[in-house]
Novice: 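Have a look at the structure that comes next, please.
Values below: all heavy atoms of this structure, side chains included; hydrogens, waters and symmetry mates excluded. Just follow the structure's listing: the first ligand is 1, and inside any ligand the first atom is 1. As the structure is a prediction and not an experimental result, all values here were calculated from the model.
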Amino acid sequence: MNKNKIHLKAPGNWINDPNGFIYYKGNYHLFYQYFPYAPRWGTMHWGHAVSKDMVNWEHQGVALFPTKYEDQNGCFSGSAVEHDGILYLYYTGVHYNQPDPNDIHQCLNDDFSSAQLMMTSQDGIHFDNFHDKKVIIPPITDRKIGDKTHTRDPKVWRGKDAWYMVLGSKTLDDKGELIFYKSTNLSDWELVNTVSKESGLGGMWECPDYFDTEGGKVLVMSPMGITEDETLEKNHSVCTIVDFEEETCTMEIPDTYQFLDYGLDLYAPQSALDEQGRRVLVAWLRMPEPVDGTWRGMFCIPRVVEVKDGHIYFRVHPNIEKLYTRRIANAAEADSAGYKVSFDIGDGETVNIGGYKITRNGNRICTDRNGVFPKNTNFRMQLSTPEVKDGFHLDVYVDANLIEVFVNRGEYVISNAVYGLTNEIQADAMEKIAIDTLE
Ligand code: FRU
């Protein structure tokens with residue numbers, strides 16, 4: 001299988017969040033949370049991949065790794081910006097005050113400190129982990145501002161008059177919180193404001209991302225504990241349209257939100273501007289077990305974020321969409337990078353793609369992966385969109401371990417990890433099913 005076409009996959013062992021996503025000097029750079037020693041989470045490095053088109057990805061090895069007291073136990077998530085040709089990386093360094101003596105990649109009693117660090121690169125290829133790191137925000141000591149342990153994931157952007165940074169944190173009473181900083185030189189950062197919600201919206205807010213679009217200002221974040229079922233995953237990414245006043249970093253976050261993706265497997269998304277200035281976003285696909293016993297974790301298709309009439313759409317990036325030009329009669333003829341299945345679905349109809357079932361129930365699109373997923377995990381097996389408004393057209397992108405169901409060209413998306421798909425596609429009305437693959 002072509003491992004890194006369409007979807008960027010772990011080069012082996014473990015990856016989680018996308019980091020430092022940027023179009024820089026003619027290439028897309030995508031870094032990622034990487035544990036190089038086993039297919040499970042542990043001491044975090046930043047792996048690095050580059051691409052000319054966000055279709056073909058090439059792994060570049062490790063860009064960031066622990067070298068300082070502050071990042072001794074991991075280089076956690078962060079972001080990238082360019083200024084005067086230089087690439088600036090921002091990330092969270094963690095230091096375990098109580099490493100687990102039996103597994104030094106884990107911390108005991110949640111006793112660790114988090115600092116914010118930066119590092120630069122002249123070309124996006126060379127990173128000097130020994131000499132180029134700088135602590136820009138030490139662990140927070142004033143609990144009224146944020147949490148010394150759970151403050152992380154700097155997202156930096158260029159505003160009108162300055163550079164801005166948002167961090168995820170939690171309030172004194174354990175509600176999710178954003179902390180905003182400002183800088184004129186990318187190196188000295190001044191606290192501007194903290195934002196939380198009276199009603200909560202989960203606990204700590206991981207991986208915040210803020211950006212403006214033509215149709216509205218968007219906040220994307222990953223609140224911990226936003227769903228309540230004890231036996232199932234509780235941390236999920238959400239997005240919502242916000243009011244934001246840049247200079248004072250005042251943000252009004254409404255009570256209503258959309259899940260980023262209704263498969264509830266994608267997490268910790270990060271956005272960047274593409275070559276043509278579109279807002280494009282990728283996210284980590286959580287996977288319950290390694291593939292072939294060797295690799296675990298991949299990213300979804302890059303999605304263009306658009307806001308229309310108060311709704312946030314996630315459209316397949318045109319670089320990917322335009323590749324599926326070869327019509328085939330069945331999935332067995334598909335390219336190793338996968339295929340796309342397109343159809344309009346009638347009420348009560350089911351389309352079964354290799355064991356993954358998609359059904360329309362009234363105005364909702366529902367999926368069931370019981371046939372193609374390990375049993376007894378904390379992942380959800382049956383998923384559903386809210387009521388859709390724009391029609392009942394589905395474009396389903398199928399790769400060996402990830403199915404992405406784009407409903408009405410991104411009104412909602414359900415993306416799910418899958419294991420052991422067959423090549424068989426079954427539908428009540430096969431004649432209306434189109435299957436396309438790469439040339
Ligand atoms: C989200 C997250 C981030 C953190 C990173 C550590 O998945 O928990 O908040 O920086 O992963 O790997």
Novice: Look at atom 6 (C) of ligand 1 and say which protein heavy atom is nearest, naming residue and atom and giving the distance to 0.1 Å.
Specialist: Q33 OE1, 3.2 Å
Novice: What do you reckon, are the aromatic ring centroids of F21 and Y23 less than 6.0 Å apart?
Specialist: no
Novice: With distance as the sole criterion, is a donor-acceptor pair present between the side chains of N19 and D17 under 3.5 Å?
Specialist: no
Novice: Nearest to atom 9 (O) of ligand 1 by heavy atom, V94, N235, D153: which?
Specialist: D153
Novice: Is the centre of the Y181 ring less than 6.0 Å from the centre of the W189 ring?
Specialist: no
Novice: Could you tell me how the ring of H83 sits relative to the ring of Y88: parallel (under 30°), tilted (30 to 60°) or perpendicular (over 60°)?
Specialist: tilted
Novice: Compute the shortest N/O to N/O distance between W41 and ligand 1 and return yes if it is under 3.5 Å, no if not.
Specialist: yes
Novice: Can you tell which part of T92 has a heavy atom less than 4.0 Å from ligand 1: side chain, backbone, both or neither?
Specialist: neither
Novice: Hey, is E233 close enough to R286 for a salt bridge, meaning N to O under 4.0 Å?
Specialist: yes
Novice: Return the residue, atom name and 0.1 Å-rounded distance of the protein heavy atom closest to atom 8 (O) of ligand 1.
Specialist: E206 OE2, 2.6 Å
Novice: Atoms of ligand 1 less than 4.0 Å from M44 heavy atoms?
Specialist: 12 (O)
Novice: Do K308 and Y313 form a cation-pi contact, if we require the NZ or CZ to be under 6.0 Å from the six-membered ring centre and within 45 degrees of the ring's axis?
Specialist: yes
Novice: Using a 4.0 Å cut-off to any heavy atom of S77, which atoms of ligand 1 qualify?
Specialist: 5 (C), 10 (O)
Novice: Suppose I only count heavy atoms of Y267 and a 4.0 Å limit; which atoms of ligand 1 are within that range?
Specialist: 1 (C), 7 (O)
Novice: With a 4.0 Å cut-off on N to O distance, would you call D161 and K182 a salt bridge?
Specialist: yes
Novice: Would you check whether D17 reaches within less than 4.0 Å of ligand 1, judged by its heavy atoms?
Specialist: yes
